[in-house]
Amino acid sequence: MSITTKHLKSDLFSGLVVFLVALPLCLGIALGSLGANASPFPGIISGIIGGILIGYLSKSHVSVSGPAAGLIAIIVTAIGTLKQFDVFLLAVVIAGVIQLILGYLKSGSLANFIPNNVIEGMLAGIGISIFLKQLPHAFGYDKDFEGDDSFWQPDGENTFSEIFKALDYISIGAVTICIISLILLVLWDKYKIQDKIKFMPGALIAVIVSILLNITFEGTAFEIRAEHLVNLPVFNSFDDFVNVFVFPDFTAITNYQVWVVAATIAIVASVESLLCIEAADRLDPQKRYSDPNNELKAQGLGNILSGLIGGLPMTSVVVRSSANINAGAKTKLSAIIHGVFLLISVISIPIVLNKIPLATLAAVLLLIGYKLASPKLFIKFYKLGWYQFLPFLITIIGVVAIDLLKGVLLGLLISIFIILKGNLKKAYSFDKEELHDGDKIIVKLAQEVSFLNKAAIKESLQELPANTKVTIDATETVYIDHDVIELIGEFCKFTSIEKNITIKLKGFDEQYNLDHHESLKHITIKHKS
């Protein structure tokens, strides 16, 4: 997929919006992964690489990559196990190599087996999590770091208790800025003002206004505390900039724990990336499809480079991708532009960016969360029936209450259960709803009858009334599992004789090799057509 400047204006807008969203997320995820006293620069490094390198290599039109909240627990555990950050970086490099191999093995195709209701449920769950997690930041309470999407927080609080706790620490200035930002964003979107004013996306206007308000509030009761502002590292010299880069310790390559960590990162990061590009494709207004195997290769190369220069591992991420789509991104140039903005901001204007209140970025994310979990989406799946609505709902609950991967797994398990249940019902049908002695009954088998249907067919055959005439019709069946053939044979040979049931088999031709089933030889009536 070549890069085009055909949609430069819209891609520039969306790249700028994603940059504003990604900046505090990169910083927050780094602090959550490495500790409050550590440098957040590794998060910026992976954000830049995720934007520029993966944005260039990926064939996804609208997804955006960067440090992911879903990897925080793994990073914390890994660094605790490996003891040294440079050894951990080696694991990140190896994880990238594993992802590269998985891409060449075409493992990404597994993403195609995830049903749409689970993907939509994942998006809605992420939307609800974003919305709930941003409320404390909107109030001016930042005890939990920006980018944490887990229900249970490191400080012992959970998503809901944090909101109630934030009510005791409300900052009038933060709330004012958040409300004004929300009004600006809604009006900008409703009246499509950015189409009338060039190079002015609503998020940028909200940020500019919030910076001016923050300066105006200084020395008043509305003043925004320093901890409620973006906190980008400031470099006083070129040496300061160079010294933040850390390189992997390749002497630890024989340490088996490094390989365990690498495999864990590779698997989790790959699964999250595949889920996110599926979700991004669902959100893409043009409904374009991404190559999942190419995405694994791109993510692998991104993680290799990130590990080599001191960055965190990364994945494709829904929050930034949905922000990208909502801002009107048309091509992958938007993701690259966001990475370029991150790079420029680190080098040139950190002091200006450090005046941005988190409350205005919370406003941007609140709207993104609302759009992902729109009430219309719930109504849509409810109208489709419980077979579609239940996996959708369970996935949402799992994503919000546990985490993304476990939520999707729960949704998949429910979907599989429903499929199996439906498959059992559709394996056969009776031509009579009420069965009585002496009836003529036709048991019509479906097009495919697998071993999963064995239990249901067995139960139904056992419940057939005595003294009836039963035809088991397989004329439209193209496959019957060996176990089911044996079950029918045993029923014909034993149970039917005991209950004086006359059996006629229809449509059981040579394709089922009935001559090899001794139990069927004496009662099979073949009807050729």
Side-chain angles (χ1 to χ4, degrees), residues 29-30 33-34 42-43 45-47 49-50 53-55 57-60 63-82 84-114 122 246-250 252-280 290-318 403-406 408-409 412:
I29 290 170
S33 302
L34 306 175
I45 291 175
S46 58
I49 294 172
L53 180 65
I54 297 181
L57 296 173
S58 174
K59 291 185 178 179
S60 175
S63 72
V64 181
S65 298
L71 295 178
I72 290 175
I74 293 173
I75 296 171
V76 171
T77 303
I79 294 176
T81 301
L82 301 176
Q84 293 176 274
F85 185 61
D86 55 356
V87 177
F88 168 74
L89 292 177
L90 175 61
V92 176
V93 173
I94 297 172
V97 174
I98 294 172
Q99 286 184 293
L100 199 58
I101 294 171
L102 289 174
Y104 280 106
L105 292 176
K106 299 188 182 302
S107 304
S109 301
L110 294 173
N112 295 323
F113 294 96
I114 303 172
M122 179 188 80
V246 181
F247 306 101
D249 179 7
F250 284 96
I253 198 164
T254 56
N255 183 344
Y256 81 96
Q257 290 181 327
V258 169
W259 290 87
V260 172
V261 169
T264 304
I265 292 173
I267 293 169
V268 175
S270 297
V271 172
E272 287 205 10
S273 292
L274 293 174
L275 289 171
C276 289
I277 63 165
E278 281 288 312
S290 306
D291 181 348
N293 297 309
N294 181 82
E295 187 67 23
L296 286 181
K297 296 174 189 176
Q299 294 291 335
L301 289 171
N303 277 319
I304 290 171
L305 179 58
S306 186
L308 285 173
I309 61 175
L312 296 179
M314 69 193 78
T315 72
S316 175
V317 277
V318 171
D403 61 39
L404 186 148
L405 292 183
K406 292 185 178 68
V408 169
L409 180 60
L412 279 174

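Sequence positions, counted from 1, serve as the residue numbers for this chain.
- A donor-acceptor pair shorter than 3.5 Å can be found between the side chains of E295 and S58.
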query: Going through the distances and angles, do I75 and F88 end up as a side-chain contact (heavy atoms from CB on, under 4.5 Å)?
result: CA-CA 8 Å; I75 296 171; F88 168 74; 3.8 Å; yes
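- Among residues two or more places apart in sequence or in another chain, the side chain to side chain donor-acceptor pair (under 3.5 Å) test is passed with D249 by T251.
- Under the 3.5 Å distance criterion, the side-chain polar atoms of N303 are matched with a main-chain donor or acceptor of M314.
- The side-chain contact (heavy atoms from CB on, under 4.5 Å) search around S273 returns Q299, T315, S316, not counting sequence neighbours.
- The CD1 atom of I49 lies 8.0 Å from the CD1 atom of I54; values are rounded to the nearest 0.5 Å.
- Residue L296 holds its CG atom at 10.0 Å from CG of L105, rounded to the nearest 0.5 Å.
- The two residues L89 and V246 come nearest to each other via the heavy atoms CD1-O, 3.5 Å.
- Remark: Y104 OH is loosely packed, at most 12 non-hydrogen atoms of other residues, nucleotides or ligands lying under 6.0 Å away.
- Within the model, atoms OG of S109 and CG of N293 stand 4.5 Å from one another, a figure rounded to the nearest 0.5 Å.
- Shortest non-hydrogen contact noted between A279 and M122 is CB-CE, 3.5 Å.
- Distance check: L71 CG to I29 CD1 gives 8.5 Å after rounding to the nearest 0.5 Å.
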message: side-chain contact (heavy atoms from CB on, under 4.5 Å) for L90 and F250? Distances and angles first, verdict last.
response: CA-CA 6 Å; L90 175 61; F250 284 96; 3.5 Å; yes
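- Here the CG atom belonging to L100 is positioned 13.5 Å from the CD1 atom belonging to I94, to the nearest 0.5 angstrom.
- Residues P313 and I265 approach most closely at CB-CG2, 3.9 Å, considering heavy atoms.
- At a threshold of 4.5 Å between non-hydrogen side-chain atoms, the residues F85 and I79 count as touching.
- Minimum interatomic distance between E272 and L405 (heavy atoms only, all atoms of both residues): CG-CD2, 3.8 Å.
- Nearest heavy-atom pair across S33 and V76 is O-CG2, 3.4 Å.
- In this structure, the side chains of L34 and P42 come closer than 4.5 Å at one or more pairs of heavy atoms.
- Under the 4.5 Å side-chain criterion, counting only non-hydrogen atoms from C-beta, I277 is in contact with S290.
- Note that OG of S65 is 10.0 Å distant from CG of L57, once rounded to the nearest 0.5 Å.
- Annotation: side chain of V258 is not in contact with side chain of I253 (no heavy-atom distance under 4.5 Å).
- Contact annotation: the side chain of L308 approaches that of P248 to within less than 4.5 Å [non-hydrogen atoms, C-beta and beyond].
- A donor-acceptor distance shorter than 3.5 angstrom exists from the side chain of T264 to the backbone of V260, with no hydrogens or angles considered.
- Between P67 and L312, the shortest heavy-atom contact is CB-CD1, 4.4 Å.
- With hydrogens and angles disregarded, no donor-acceptor distance shorter than 3.5 Å links the side chain of S107 to the backbone of G103.
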